[in-house]
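Here the structure is laid out as structure tokens; the discussion comes afterwards.
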Amino acid sequence: MKQILWFRRDLRVEDSAILAHAKEEVLPIFIFDKHILKQLPKEDKRITFIYQCVLELKKRLQALKLDLAIFFDEPQNVFKKLKEMGFDEVLCSVDFDAYAKQRDEEIEKIIPLKRYIDAFILNPALHLKKDQTPYKVFTPFYKSLSMISQSKHIDEYKRNENLKKIKFDYSTIPSLAQLGFQKQILPHFLTLNGFELLDAFQTKMSSYEKNRDYFNKDASSKLSVHLRFGLISPKQLFNCIRLSPNNRGEFFIKELFWREFYNYILFHFPKSQESNFNGLKISWNDSEEDFKRWCEGKTGVPIVDAAMIHLNQTGLMHNRLRMVVASFLTKNLFINWKKGEAYFAQKLLDYEASSNIGSWQWCASTGADAAPYFRIFNPYNQSKKFDKEGVFIKSVIKEFEHIDDRVFHIENGVQSNVFITYPKAMVDIKLSRQRAIERFKEAKNELF
Ligand SMILES: Cc1cc2nc3c(=O)[nH]c(=O)nc-3n(C[C@H](O)[C@H](O)[C@H](O)COP(=O)(O)OP(=O)(O)OC[C@H]3O[C@@H](n4cnc5c(N)ncnc54)[C@H](O)[C@@H]3O)c2cc1C
């Protein structure tokens, strides 16, 4: 039996489903998928990061007397060739987003594909309510999982130590330039591995719940990118948190289960990738000009603009800022969440379809377990509460460095400074809030 181990979003050798389930003769591979890469700009930071991770994975497999064959092609072509060469089956981890599902269906027509739950703790197919329907609300979902979430340890996959590498040309490694990308400077934390990040986070764990909402406090784990590409598994993360001496990881564990929840929702309700989960029919504002100003950080609202400029420059955005800019787009500008979701998908280093779609639908009040439509973030109050001295805003918008921070938290406050050129706020916060509430009421009445 000649097996192909297809690494995709599980770029590690520990707690690896495919290395555990493989038998004897294997060909580990990674494919830089031409179909995906051709849609990305050559400055995409994620490709620089994945490229490094793939080379690191190759080294780690070599240390186990295995190796990694690296392809730059469309997966269909790769598997057609490998099938002709006498390979029997492919082992890989499950991916539930629309493109991945369709791609895997195509591959299955070429060669048998065995998929394992690896990027998430829970197998969504196996967890249902008593009436055999899926959960739609986070709290009961989380409570129903207490056997897992309250446990001290979740079993990890044990590698099959008897694997032998199949003779193959493992020497061809396309360069980043051959893939069509320019090497990008990455934020420092991406030079650390998942366990190093976790170590650094241990000291912050006890104040995580209190501090995590402050934009300028380095209070969260920064593990989302590593989780996204499987550099650390959620089970490994869970087990390490449970071992931490102060054992105050409850709140953090709950956040990890939000990630599970959104994956669960996308699995059971794949249409939520495309349409409002709650079925509301909303006449969104289609203005491309309004959307462009939001993307570019030119709304005239300092906290929204700083967050968007920071995202454009770094691929990063703090969780609460994601909520603030998403609320501003979907409620104050009344623009469809799908546009914001697609923009984040292009920019976020930690882009994960399920969390992104679920969180956007939450912010837009169209989701499974969403914010009520009348609870709309006031961006000025948010910056006053979580960035009182304007440290974050000033760190991003250098022109604001010397101005009185109080003006950031007042509508058109910065604009009152005659020495600063800054666009007038696109919308009146109170009026736009009222408009959103009325439109949601209309949509709800039409629904019932
Ligand atoms: C509009 C919007 C879009 C988002 N898009 C993504 C996305 O594409 N990818 C992504 O990983 N997260 C997304 N999130 C969730 C959250 O913002 C990030 O997971 C978090 O900011 C990552 O930073 P961290 O690793 O330091 O998080 P921590 O606070 O340290 O949390 C630990 C881990 O728990 C998970 N987590 C935490 N909060 C959430 C949440 N609300 N939903 C789901 N998982 C969570 C993440 O995997 C995170 O790495 C989005 C949130 C919003 C409001």
Side-chain angles (χ1 to χ4, degrees), residues 9 46 97 119-122 138 141-142 149 187 189-190 192 194 197-198 200-205 207-215 217-238 240-241 244 249-266 273 294 304 307-308 310-311 314-331 335-371 377 382:
R9 47 169 308 161
R46 292 168 294 197
D97 74 52
F120 293 89
I121 296 172
L122 190 70
F138 177 75
F141 166 82
Y142 186 57
S149 65
F189 76 90
L190 289 184
L192 304 176
L197 278 178
L198 196 51
F201 179 61
Q202 295 285 1
T203 52
K204 301 176 204 160
M205 185 102 71
S207 50
Y208 173 72
E209 185 174 355
K210 186 164 92 129
N211 289 339
R212 69 188 284 267
D213 283 329
Y214 292 85
F215 316 143
K217 286 189 183 165
D218 182 14
S220 69
S221 71
K222 301 205 265 303
L223 273 158
S224 53
V225 186
H226 290 68
L227 281 167
R228 169 64 184 88
F229 297 112
L231 299 158
I232 187 166
S233 78
K235 279 189 272 162
Q236 288 177 304
L237 183 51
F238 180 94
C240 289
I241 296 289
S244 66
E250 292 307 325
F251 193 81
F252 183 81
I253 298 274
K254 202 169 175 185
E255 292 306 310
L256 269 187
F257 277 85
W258 271 101
R259 181 174 178 272
E260 298 289 327
F261 178 65
Y262 285 139
N263 184 56
Y264 178 91
I265 292 289
L266 186 61
Q273 180 144 3
W294 176 85
V304 173
M308 294 306 294
H310 185 64
L311 172 70
T314 63
L316 305 170
M317 195 187 286
H318 186 282
N319 178 58
R320 181 154 283 265
L321 287 174
R322 297 185 202 202
M323 295 198 273
V324 171
V325 301
S327 170
F328 187 78
L329 184 80
T330 57
K331 304 289 174 55
I335 289 176
N336 195 338
W337 63 267
K338 281 169 63 180
K339 286 191 170 181
E341 196 276 332
Y343 191 72
F344 270 27
Q346 281 173 36
K347 297 285 170 184
L348 278 178
L349 280 169
D350 67 9
Y351 169 63
E352 168 90 67
S354 53
S355 290
N356 203 43
I357 294 162
S359 300
W360 269 97
Q361 291 236 36
W362 185 91
C363 293
S365 305
T366 57
D369 181 3
F377 280 101
Q382 289 292 309

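Every number for a ligand or one of its atoms is a count from 1 in the order of the listing.
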task = Name the orientation class of the two ring planes belonging to Trp258 and Tyr262 (parallel below 30°, tilted from 30 to 60°, perpendicular beyond 60°).
result = tilted
request  = Using distance alone, decide if ligand 1 has a nitrogen or oxygen within less than 3.5 Å of any nitrogen or oxygen in Tyr262.
outcome  = no
task = Below 4.0 angstrom from a heavy atom of Leu227, which ligand 1 atoms are there? Numbered from 1 as shown, please.
result = 47 (O), 49 (O)
note = among protein heavy atoms, the one nearest atom 40 (C) of ligand 1 is Trp258 CB, 4.1 Å
task = Pick, from Leu348, Leu329, Asp350, Leu237, the option with the minimum heavy-atom distance to atom 9 (N) of ligand 1.
result = Asp350
ask   = Nearest protein heavy atom to atom 5 (N) of ligand 1, by residue and atom, and its distance?
value = Asn356 OD1, 2.9 Å
request  = Any chance you could lay out the salt bridge (Lys or Arg N to Asp or Glu O under 4.0 Å) test for Glu209 and Lys254, step after step, and finish with the verdict?
outcome  = CA-CA 11 Å; Glu209 185 174 355; Lys254 202 169 175 185; over 6 Å; no
task = Can you sort out which atoms of ligand 1 are near Leu223, meaning under 4.0 Å from one of its heavy atoms?
result = 25 (O), 49 (O)
note = for atom 23 (O) of ligand 1, nearest protein heavy atom and its distance come out as Ser224 OG, 3.8 Å
query = Can you tell me how far the CG atom of Leu237 sits from the CD1 atom of Ile253, to the nearest 0.5 Å?
reply = 7.0 Å
ask   = Which residue owns the protein heavy atom closest to atom 16 (C) of ligand 1, what's the atom, and how far is it?
value = Asn319 OD1, 3.3 Å
note = The protein heavy atom nearest to atom 6 (C) of ligand 1 is Arg322 NH1, 3.3 Å
ask   = Closest approach of Val325 and Met317, non-hydrogen atoms and distance?
value = CG2-SD, 3.8 Å
ask   = Which is it for Trp337 and Cys363 under the side chain to side chain contact (heavy atoms under 4.5 Å, CB included) test, yes or no, and what are the steps along the way?
value = CA-CA 8 Å; Trp337 63 267; Cys363 293; over 6 Å; no
Full working for side chain to side chain contact (heavy atoms under 4.5 Å, CB included) between Leu227 and Ile232 = CA-CA 6 Å; Leu227 281 167; Ile232 187 166; 4.2 Å; yes
task = Answer yes or no: is there a donor N or O on one side and an acceptor on the other, between the side chain of Arg46 and the main chain of Gln346, under 3.5 Å?
result = yes
query = Between Phe252 and ligand 1, which residue portion shows a heavy-atom distance shorter than 4.0 Å: side chain, backbone, both, or neither?
reply = side chain
note = Closest heavy-atom pair, Gly249 versus Ile241, reported as atoms and distance to 0.1 Å, is CA-CG2, 3.8 Å
query = Can Arg320 be said to sit on top of Phe215's aromatic six-ring, NZ or CZ under 6.0 Å from centre and within 45° of the ring axis?
reply = no
request  = Looking only at protein heavy atoms, identify the closest one to atom 33 (C) of ligand 1 and say how far it is in Å.
outcome  = Leu256 CD2, 4.2 Å
key: Element-labelled atoms of ligand 1 that are located less than 4.0 Å from some non-hydrogen atom of Glu352   = 7 (C), 8 (O), 9 (N)
key: Atoms in ligand 1 with a heavy atom of Met323 nearer than 4.0 Å   = 53 (C)
query = Between Tyr351 and ligand 1, does any nitrogen or oxygen pair lie at a separation below 3.5 Å?
reply = no
ask   = When only distance counts, is Trp360 in polar contact with ligand 1, meaning an N/O pair under 3.5 Å?
value = no
request  = Can you label the angle between the Phe261 ring and the Phe141 ring as parallel, tilted or perpendicular, going by 30° and 60°?
outcome  = tilted
ask   = Between Phe238 and Phe257, what is the ring plane arrangement, given parallel below 30°, perpendicular above 60°, and tilted in between?
value = perpendicular
task = Using a strict 4.0 Å cut-off to heavy atoms of Ser220, name the atoms of ligand 1 that fall inside it.
result = 24 (P), 26 (O), 28 (P), 29 (O), 30 (O)
ask   = Which of the listed options, Arg259, Lys222, Glu255, His226, holds the heavy atom that is closest to atom 39 (C) of ligand 1?
value = Glu255
note = Within the 4.0 Å heavy-atom cut-off, what Phe201 brings close to ligand 1 is neither
Protein heavy-atom partner closest to atom 28 (P) of ligand 1 - residue, atom, separation in Å = Tyr208 OH, 3.4 Å
message = I'd like to know if the side chain of Gln273 and the backbone of Asp97 have a donor-acceptor N/O pair within less than 3.5 Å.
response = no
query = Which residue owns the protein heavy atom closest to atom 50 (C) of ligand 1, what's the atom, and how far is it?
reply = Ser359 OG, 3.5 Å
